[in-house]
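Residues: numbered from 1 along the sequence shown. On a predicted model such as this, the values are computed, not experimentally measured, just so you know. Whatever order the structure lists them in is the order used to number ligands and atoms, beginning at 1.
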Amino acid sequence: MGNVGAKDVPVLLSPEGLRLDGRRLDELRPIRIEAGTLHQADGSAFVEWGQNKVMAAVYGPREVHPRHLQQNHKAVIQCKYNMAAFAVDERKRPGLDRRSQEISKVIAEAFESVVFAEEFPRTSIDVYIEVLQANAGTRCAGLVAASVALADAGIPMVDLVPAVAVGKVAGQICLDLKKEEDNFGEADLPMALVPQSGRLVLLQMEGHMTEEELGRSLDLGVKGCREIYDRMKAALRERYALTPVAGGAA
Ligand code: UDP
């Protein structure tokens, strides 16, 4: 939500109610998910979502580094989100910054509530997320990629964790914000869902909206997450050449 002069603000919604890229308010950007992209990792996934390109790799359960993080009764989940210097228009300073530390932390916390960590005491499950191209919503794309990579690594979990950002743009609640909508919109609300239980395991918000708008945003985000969930399951089925079970269960 940058502070810019009115002349710089693009028209985010057309008179017909269509967005900059022609999407309706409740429409996702095109998303492609590939499971098992990397050979060296125990599990991996690549996600191309709008103009975002994100790779995730999972290692473990394996020995804990640094050693003092080891927990006797469960695995620790360590997550490293990194955005490449070439991922955005204005070159980003490479390396760890507060934003990537925050994103790594909230993603690790989301997985802590779904992974059966007690099954692997004194080990680490290491999740690496590399953003190669960014256009808003990269923490959600990273979470989706990492979730498929965890499943690809055979880590036992309650469920996959789909994620999407909802926001308020030109006064309207919109699904899956792109960069201009994120920059010039009124609010941005990334969320991640455990579809089986309907529980949210990540919910952040930047900007302002009313309580009623927040309620509608959550409903729209849950609907978006369920669409993404289907794509995640399809990617894993494709990887393992599985056919859908009759009745729709994966
Ligand atoms: N961004 C950027 N430079 C930065 C950080 C972010 O250009 O150093 C862009 C990038 O496109 C990112 C978007 O701003 O996707 C929104 O960033 P935010 O922190 O809201 O996280 P995200 O929406 O990617 O989860």
Chemist: Hey, which residues fall under 4.0 Å of ligand 1 on heavy atoms?
Modeler: Met83, Val88, Lys92, Arg99, Ala134, Asn135, Ala136, Gly137, Thr138, Arg139, Lys179, Asp182, Asp188

Chemist: Should Lys178 and Asp21 count as an ion pair when the cut-off is N to O under 4.0 Å?
Modeler: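 Looking at Asp21 together with Lys178, the answer is no, because their closest N to O distance does not fall below 4.0 Å.
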
Chemist: Which pair of non-hydrogen atoms, one from Arg139 and one from Gln204, has the smallest distance, and what is that distance?
Modeler: NH1-OE1, 2.8 Å

Chemist: For the pair Arg231 (side chain) and Ile31 (backbone), establish whether a donor and an acceptor sit closer than 3.5 Å, ignoring hydrogens and angles.
Modeler: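 Pair found, side chain donor or acceptor close to backbone of Ile31.
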
Chemist: So, Arg122 side chain and Val64 main chain: donor-acceptor pair closer than 3.5 Å or not?
Modeler: no

Chemist: Hey, are Arg62 and Asp42 close enough for a salt bridge, meaning a charged N less than 4.0 Å from a carboxylate O?
Modeler: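 No, Arg62 and Asp42 are not salt-bridged.
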
Chemist: Do the side chains of Arg239 and Asp152 get close enough for a salt bridge, i.e. N-O under 4.0 angstrom?
Modeler: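 Yes.
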
